[in-house]
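Order of the sequence lines sets the chain letters (A, B, ...), proteins ahead of strands, with each chain counted from 1. Everything numeric in this text was worked out from a predicted model, so none of it was measured.
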Amino acid sequence: MTITTAPPSGAPASDRPSPAPSDALDAKALLGLLEQMLLIRRFEERCAQSYQQAKIGGFCHLYIGQEAVAVGSIAAVRPEDPIITAYRDHGHALARGMDPRHCMAEMFGKITGCAKGKGGSMHMFDKPHHMYGGHAIVGGQCPLGVGLAFGIQYNKEDKVCLCYFGDGALNQGAVHEAMNLAAIWKLPILFVVENNLYSMGTHIARGTSMADNLAAKAGAYGMRYAECDGMGVLKVYDCFKTEADRTRAGEGPCFINVETYRFKGHSMSDPQKYRTKEEVEEFEEQDCIQRLRRRILNRKMATEDQIQAIDDKCKKLAIEAVKFADESPAIGVDELYTDVYSQPFGPYKLGQPAEGFRE
Amino acid sequence: MTRKIQFREALNEAMCEEMERDQRVFLMGEEVAYYNGAYKVSQGMLERFGPQRVVDTPISETGFAGLGVGAAMYGLRPIIEFMSWSFCLVAADQIINNAPKMLYMSGGQFKVPIVFRGNNGAGGQLGSTHSWAVESMFSCVPGLKMAIPATPRDAKGLLKSSIRDDDPVFFLESERMLGLGSRGDTDFSRYLSGRWAPPTVEEDADFLIPFGQAEIKKEGKDCTVVALGRTVHFALEAAEQLEQEGIDVEVVDPRTIRPLDIETILRSVRKTNYCVIVDECWPFASIASEIAAQVYEGAMDDLDNKVIRVNNDDVPAPYARHLEQEMLPHARKIVEAVRAATYNS
Ligand SMILES: Cc1ncc(C[n+]2csc(CCOP(=O)(O)OP(=O)(O)O)c2C)c(N)n1
Ligand SMILES: [Mg+2]
């Protein structure tokens, strides 16, 4: 048996091809991206409101500020490519195509939710859209993501797994075991660090060695490294299109550092003493929605009115999601003992996935 | 047609037959391929199925246990071998948070058909870190199933059922039993004599032992002794001794903990009116504790004395040979417990 070791390369993997992949996106496509980001934004605003009204319980983590990451990356891959993420997951679910009504209903604990109200905000699953969950133990989803990629390779399929995690998860052993396994077996997976600089109140520089050189982390596993400006949806799109295609072509896993920022607190109860208002404002100027909006207007791909109409539509969808969730029946107590086992025994009963989530 | 095989051969045959039957089944773990298994359970499997389906991993239990769960969600049917269940503790999040709860948390969308298997309980002077018996620690987790076979026949039938099961199965073997059924086996000579539980397996690729079916390993009328896995053999050894004293015990082996066939246990207790429960965990909140509670709940009026539990001593597993032997729920402890339970002490 010969053993080949890939040289540790800290260098950015891809010389971005010119023209950039996003140059091929027409007005309709750009407006589509804008609409997805707006939908997430408006949806999250309604989540915050519903949380304050105690309609949503438990922990709830908003994606506001980071919309470009899920939207740009998911647009760059194919609908059947599996994705898996952490608990800040509403954005990924919506970008993947989950009906906002079912997403909201899940948080309201209703039978119409994607998991019938058994998962909640942090555990969004959507099998028909190949979303393998929201996972709430920091870093715990990374070995699972590697398992999805293993499945792809085992079945000799032409897919790529997107595995998202936070900068805080970089300090979890599970992530490193996952990266090592993916590297030795050249699994088709993109490890996506949604680097919003903070894990709760801990700045990345306080918690992570070589925080300004994450390429070294990838290099340690001989893995391709790429980074992109996560406040620009087209930057994200270009980066992911390039890297996903390379991985799909058999070049093995890639570690992508997406530099982003969350505009709201870590969860719904965060006084944010660990960062300044000025810092937040500085990033708000980079708001992914405004940036794409300006670009569309500058290039005269749409009018202000047209964009306003899209925003109005998203606001309406978000309100409708709340209304739907409100009016949906709560999950019945008879569902307590369903879905525990696929082949139940004793007190357990077979369950049925919610309407719209059956294969 | 039946024939004698070793416990480890039973495991090997179960895996090979199921891998022949279903392309989605694969084996993954440390040293399972090129090394033929740290305990030679997967002997010859790499050659037979190739490195795609018999996969050596680095020493990364969290990584490969979690990989298995993800692969199962994706539609494969992994068998994940832990060299020892003692080493699964570093992968606790993957095996007890992810595997058994995915179906529920996803509202029935993602099942996890996976088998975690490996050696459980004291091996032989391995010290405390390597001598975990994990059944009481994990059997409280809804969403998983657990099997603890005591004979090659049970091992084969239960492992095949485990691999075909759509839920996560924790399959607990014992290093001390892998050679069971082979010539020159001293620990289990009685067993070899074939008196109570001949180590034979049926020649049938669809030979399955369903979960939740206890087996009476030895019939008797004077006292019920519930025992699992390796302790079945301690119980049979005790039974032989007690027979000379005129006490005829009935040894009931539940074989699976989740589901637990409490009915067969209760039926036996109703017949004998006395009950001793043996398991290889530590006494506090052990399997024996749970079964005792269920026996009280279901057969209180049939009991002529209190239920007695026989467990490991409530100490970390020691290294010194005689101390380790003493700690286990061995035959002498069972004999004493049965005497006490039946007012014969
Ligand atoms: C293993 C584990 N430890 C602690 C927590 C509590 N916790 C939840 S989120 C979080 C911060 C994670 O930050 P990061 O990975 O950067 O993700 P972000 O919240 O920024 O999206 C912590 C400590 C947890 N969920 N899991
Ligand atoms: Mg973070």
Side-chain angles (χ1 to χ4, degrees), chain A residues 1 82 84 106 113-120 123 125-128 132-135 137 139-155 161 173-174 176-181 184-185 331 335 338-346 348 350-354 357-359, chain B residues 23-24 26 28 34 52-53 55-76 78 90-91 93-94 97-114 142-145 164-168 210-212 256 258-262:
Chain A
M1 199 176 64
I84 188 164
E106 180 59 29
C114 62
K116 303 192 288 190
K118 289 180 173 181
H123 309 110
F125 291 84
D126 188 346
K127 195 168 187 184
Y132 286 77
H135 295 270
I137 299 298
Q141 76 277 22
C142 293
L144 302 180
V146 170
L148 300 175
F150 182 88
I152 294 170
Q153 190 182 68
Y154 190 93
N155 292 344
C161 172
H176 292 271
E177 291 193 19
M179 284 172 60
N180 185 56
L181 291 177
I184 58 174
W185 294 330
I331 181 168
E335 288 275 355
T338 63
D339 306 315
V340 183
Y341 292 96
S342 294
Q343 292 171 235
F345 58 87
Y348 303 107
L350 210 55
Q352 265 288 345
F357 295 89
R358 297 170 194 160
E359 271 179 305
Chain B
Q23 288 297 314
R24 298 169 300 175
F26 67 92
M28 174 176 278
Y34 285 92
Q52 270 73 47
R53 297 184 69 198
V55 188
D56 274 333
T57 66
I59 312 159
S60 310
E61 281 80 2
T62 292
F64 67 76
L67 183 156
V69 177
M73 291 172 76
Y74 196 71
L76 304 185
V90 298
D93 180 45
Q94 298 302 329
N97 233 344
N98 282 342
K101 296 175 185 168
M102 206 65 77
L103 184 72
Y104 201 75
M105 288 208 311
S106 67
Q109 292 186 69
F110 287 101
K111 63 180 182 186
V112 181
I114 191 169
L144 60 79
K145 294 176 179 171
R164 292 190 196 187
D165 202 286
D166 276 344
D167 295 306
F211 275 42
T256 61
R258 246 182 199 274
L260 175 69
D261 177 7
I262 190 67

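- To the nearest 0.5 Å, the span separating OG1 on B:T62 from NE2 on A:H176 amounts to 12.5 Å.
- Both the backbone and the side chain of A:F357 come within contact range of chain B, judged by heavy atoms closer than 4.5 Å.
- Heavy atoms closer than 4.5 Å to chain A are found in the side chain of B:V55, but not in its backbone.
- Using a 4.5 Å cut-off between heavy atoms, A:E335 touches chain B through its backbone atoms (N, CA, C, O) alone.
- With 3.5 Å as the limit, one finds a donor-acceptor pair spanning the side chains of B:R53 and A:Y154.
- If you measure heavy-atom distances from A:A174 to chain B, the contacts under 4.5 Å come from both the backbone and the side chain.
- Contact annotation for A:H135: only side-chain heavy atoms (C-beta onward) come within less than 4.5 Å of a heavy atom of chain B.
- Within the 4.5 angstrom heavy-atom criterion, only side-chain atoms of B:D93, from C-beta onward, approach chain A.
- Between chain A and the options B:Q94, B:K101, B:Q52, the largest number of non-hydrogen pairs under 4.5 Å is found for B:Q94.
- Counting heavy atoms from C-beta on, the side chains of B:T57 and A:W185 come closer than 4.5 Å.
- Proximity to chain B (any heavy atom under 4.5 Å) is restricted, for A:L181, to the side chain, taken from C-beta onward.
- With a 4.5 angstrom heavy-atom cutoff, B:L260 does not touch chain A via any of its atoms.
- Considering only residues two or more places apart in sequence or on other chains, B:Y104 meets the ring-ring contact (aromatic ring centres under 6.0 Å, His included) condition with none of them.
- Take B:Y74 and apply the ring-ring contact (aromatic ring centres under 6.0 Å, His included) test, not counting sequence neighbours, and it matches no residue.
- Annotation: the span from A:L144 atom CG to B:M102 atom CE amounts to 5.0 Å, rounded to 0.5 Å.
- Interface residue B:L76: only side-chain heavy atoms are found under 4.5 Å from chain A.
- Of the listed residues (A:P353, A:A115, A:G119, A:S342), the greatest number of heavy-atom pairs within a distance under 4.5 Å of chain B belongs to A:S342.
- When each of A:N155, A:V146, A:I152 is scored by its heavy-atom pairs under 4.5 Å with chain B, the top score falls to A:I152.
- Side-chain rings of A:F150 and B:F26 approach one another, their centers coming within less than 6.0 Å.
- The CD atom of B:Q109 sits 8.0 Å away from atom CZ of A:F125, with the distance rounded to the nearest 0.5 Å.
- Note that CD of A:Q343 is 7.5 Å distant from NZ of B:K111, once rounded to the nearest 0.5 Å.
- Counting heavy-atom pairs closer than 4.5 Å to chain A, the top-ranked of the candidates B:G63, B:G68, B:P100, B:P78 is B:G63.
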